[in-house]
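Numbers restart at 1 for each chain; the letters A, B, ... are given by sequence-line order, proteins then strands.
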2 protein chains.
Amino acid sequence: MPSKPPAPITIDAVYAAPGYLFRRMQQIAVSIFMEECKAFDLTPVQYAALIAIHTHPGIDATRLSAVIAFDRSTLGSVIERLQAKDYVERKPAPEDKRIKLLYLTKSGAAILREIIPAVERAQARMLEPLKPADRKTLMGLMSQLVDLNNEASRVPLRAEDALEHLGKAG
Amino acid sequence: MPSKPPAPITIDAVYAAPGYLFRRMQQIAVSIFMEECKAFDLTPVQYAALIAIHTHPGIDATRLSAVIAFDRSTLGSVIERLQAKDYVERKPAPEDKRIKLLYLTKSGAAILREIIPAVERAQARMLEPLKPADRKTLMGLMSQLVDLNNEASRVPLRAEDALEHLGKAG
DNA sequence: CCCAGATCGTCAGTATACTGTCAATCAACA
DNA sequence: TGTTGATTGACAGTATACTGACGATCTGGG
């Protein structure tokens, strides 16, 4: 039996590749999110940041970046934008001058309540083309894969570890 | 029976949401790709562009953006970088002064041949944590989902339509 | 107490990714 | 033929996303 010839160099091979499908699905997911939430002028990342700050009031930027799996360098500008919209407040930590603690403002908490239905519509729309059973299967496999691949991308801390010193876990 | 209370506003709900899993998996996929291919200084998008130009020599930028599902505005800078590395050539189209046709250079074709094994290692690594049967299931569902959601994001043309006037299809 | 190492937020630099706009050009119809 | 409408590539503006570096600060060992 002759050895298998090298894979042909063709764009069709790309279409079936995991990397291409993940990139394309991410594009589609963002597009659907923005469409459903366009009345709120919030990006998916800004939404995740608001939710995380709501769940962990007084969190600092580094821990926040771990909780939402978001690069620390970029997070600064995300927080700035949320601050400019008056959704988030930063207060210096009394016991550590390096740290700035994050809190939702009243507006931030309010917009979070209002946007939730739109976000849920968006999440549902992403999976809508699939049969219900297939949605469950896909989400189960994606959860597994993200979890097992967690250390493959440079998120400095696992969410649970990040929260150890926040009085919320451990 | 009382109606279901509203979903709690918690970061844990985000972790199970399709949008979060797709974003996170895309991060991981890029990270793995860059790690396996770091000797070549090519991004996933640059790689896809090279493959597509190789498959369709003389394609123009607008059609290329459809073929790799990549925004036309950003594609200009991607091509510039590929040109700067001497992997891609642009020639004005004789019959239409607006259009610039894209071709691989010798270097471009060479690096494509060399990088393929690294790309295949990367693609394999993305799915490695899953059992083989689950990998197939996941890729099947992702293909379906991307295909059925295709019109949800602003890619102007389906790949096949984009190629109609290229003498390669239809 | 002092200093080496770690951590925090920030910044510079690069590369996607999208919206919207523009001039140049082409195609097609009246 | 002349003009309207569409297309092409380019650009400006915004928002992720990552690497690497920096000063300010904290912490732990000696």
Side-chain angles (χ1 to χ4, degrees), chain A residues 19 23-24 26-35 38 41-49 59-66 68-85 90-102 152-157 162 165, chain B residues 19 23-24 26-35 38 41-49 59-66 68-85 90-102 152-157 162 165:
Chain A
R23 176 172 76 83
R24 186 79 187 102
Q26 157 71 1
Q27 280 182 331
I28 291 167
V30 171
S31 179
I32 291 176
F33 183 102
M34 296 305 279
E35 201 179 312
K38 60 169 172 282
D41 190 33
L42 270 190
T43 66
V45 168
Q46 290 168 14
Y47 166 76
I59 196 173
D60 63 287
T62 296
R63 250 146 288 273
L64 178 59
S65 80
I68 61 178
F70 192 77
D71 190 77
R72 218 178 51 185
S73 314
T74 321
L75 192 54
S77 54
V78 175
I79 293 173
E80 259 175 40
R81 282 184 279 277
L82 290 174
Q83 244 178 326
K85 294 176 191 170
R90 307 185 83 167
K91 296 179 186 170
E95 79 284 3
D96 189 335
K97 283 171 197 160
R98 295 170 302 178
I99 295 177
K100 298 178 186 175
L101 306 177
L102 296 165
S153 91
R154 184 188 85 146
V155 176
L157 299 169
H165 305 290
Chain B
R23 177 172 74 83
R24 186 78 187 101
Q26 157 71 358
Q27 280 182 332
I28 291 167
V30 171
S31 178
I32 290 176
F33 183 102
M34 295 304 279
E35 201 179 312
K38 61 169 172 285
D41 191 32
L42 270 190
T43 66
V45 168
Q46 290 169 12
Y47 167 76
I59 196 172
D60 63 288
T62 296
R63 251 145 288 275
L64 178 60
S65 80
I68 62 178
F70 192 77
D71 191 77
R72 219 178 48 184
S73 314
T74 321
L75 192 56
S77 52
V78 174
I79 293 172
E80 260 175 39
R81 282 184 280 277
L82 290 174
Q83 245 178 324
K85 293 176 191 170
R90 308 183 82 167
K91 296 179 186 170
E95 79 285 1
D96 189 336
K97 284 172 198 160
R98 294 170 302 178
I99 294 178
K100 298 178 185 175
L101 306 178
L102 295 165
S153 90
R154 183 188 86 146
V155 176
L157 300 168
H165 305 290

J.: Looking only at non-hydrogen atoms, find the nearest pair between R24(A) and S153(B) and report the distance.
T.: NH1-OG, 2.9 Å

J.: Atom NZ of K38(B) to atom C1' of dA15(C): distance rounded to whole Å?
T.: 19 Å

J.: Could you work out which one of dC26(D), dC18(C), dC8(C) sits closest to the side chain of D71(B)?
T.: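 Nearest to the side-chain atoms of D71(B), counting from C-beta on, is dC18(C).
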
J.: How many whole angstroms separate atom CD of Q27(B) from atom P of dA17(C)?
T.: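 It is 12 Å, rounded to the nearest whole Å.
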
J.: With nearest nucleotides of DNA chain C determined for K85(B) and K100(A) from heavy-atom distances, which residue corresponds to the more 5′ nucleotide?
T.: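 Its nearest nucleotide lies further toward 5', so the answer is K100(A).
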
J.: Do L42(B) and K85(B) make a side-chain contact, defined as non-hydrogen atoms from C-beta onward lying under 4.5 Å apart?
T.: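 Yes - at least one pair of side-chain heavy atoms lies under 4.5 Å apart.
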
J.: Between V45(A) and I99(B), which residue's closest nucleotide on DNA chain D lies nearer the 5′ terminus?
T.: I99(B)

J.: Side chains of R90(A) and L101(A): does their closest heavy-atom pair fall under 4.5 Å?
T.: no

J.: Return the value, rounded to whole Å, for the distance between atom NZ of K91(B) and atom P of dG9(D).
T.: 16 Å

J.: Which nucleotide in the set dT10(C), dT25(C), dA10(D) lies at the smallest distance from any side-chain heavy atom of D96(B)?
T.: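 Closest of the options to the side chain of D96(B): dT25(C).
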
J.: Looking at R98(B) and dT8(D), is any side-chain donor or acceptor paired with a base atom of the opposite kind under 3.5 Å?
T.: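 Side chain to base: no pair below 3.5 Å.
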
J.: I need the CG-C1' distance between L75(A) and dC18(D), as an integer number of Å.
T.: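 Checked: the CG to C1' distance equals 14 Å.
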
J.: Can you measure F33(B) atom CZ to dA17(D) atom P for me and round it to whole angstrom units?
T.: 18 Å

J.: Starting at CZ of R72(B) and ending at C1' of dT21(C), how long is that distance when rounded to a whole Å?
T.: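 Rounded to whole Å, this separation is 11 Å.
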
J.: Check the distance between dT8(D)'s P and L102(B)'s CG and give it to me in whole angstrom.
T.: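 For the pair L102(B) CG and dT8(D) P, the rounded distance is 13 Å.
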
J.: Judged by modelled atom types alone, do Q26(A) and R23(A) share a side-chain donor-acceptor pair under 3.5 Å?
T.: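 No, because no side-chain N or O of Q26(A) sits under 3.5 Å from a partner of the opposite role on R23(A).
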
J.: What nucleic acid atoms does V78(B) come within less than 4.0 Å of, heavy atoms only: base, sugar-phosphate, or nothing?
T.: sugar-phosphate

J.: Which pair of non-hydrogen atoms, one from S31(B) and one from A152(A), has the smallest distance, and what is that distance?
T.: OG-O, 2.8 Å

J.: Report the residue (V30(B) or G76(B)) whose heavy-atom-nearest nucleotide on DNA chain D is the more 5′ of the two.
T.: G76(B)

J.: From C-beta outward on T74(B), which listed nucleotide comes closest to its side chain: dT16(C), dC8(C), dA17(D)?
T.: dT16(C)

J.: Measure the distance from CG on D41(B) to C1' on dT14(C) and round it to the nearest whole Å.
T.: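 In whole Å, dT14(C) C1' lies 11 Å from D41(B) CG.
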
J.: May I ask you to verify if any side-chain N or O of R90(A) is less than 4.0 angstrom from the OP1 or OP2 atom of dT10(C)?
T.: yes

J.: How would you label the contact of Q26(A) with the nucleic acid (heavy atoms, under 4.0 Å): base, sugar-phosphate, or nothing?
T.: sugar-phosphate

J.: In terms of the nearest nucleotide of DNA chain C, which residue is placed more toward the 5' end: R81(B) or A61(A)?
T.: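 Between the two, 5'-proximity favours A61(A).
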
J.: Name the closest nucleotide to the S77(B) side chain, picking from dT16(D), dT16(C), dT25(D).
T.: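 So the nucleotide nearest the side chain must be dT16(C).
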
J.: Report yes or no: does Q27(B) contribute a side-chain atom to a donor-acceptor pair with the main-chain N or O of A69(A) at less than 3.5 Å?
T.: yes

J.: dG9(C) base to S73(A) side chain: any donor-acceptor pair below 3.5 Å?
T.: no

J.: Could you check which of dA17(C), dT16(D), dG9(D) has an atom nearest any side-chain atom of T43(A)?
T.: dT16(D)

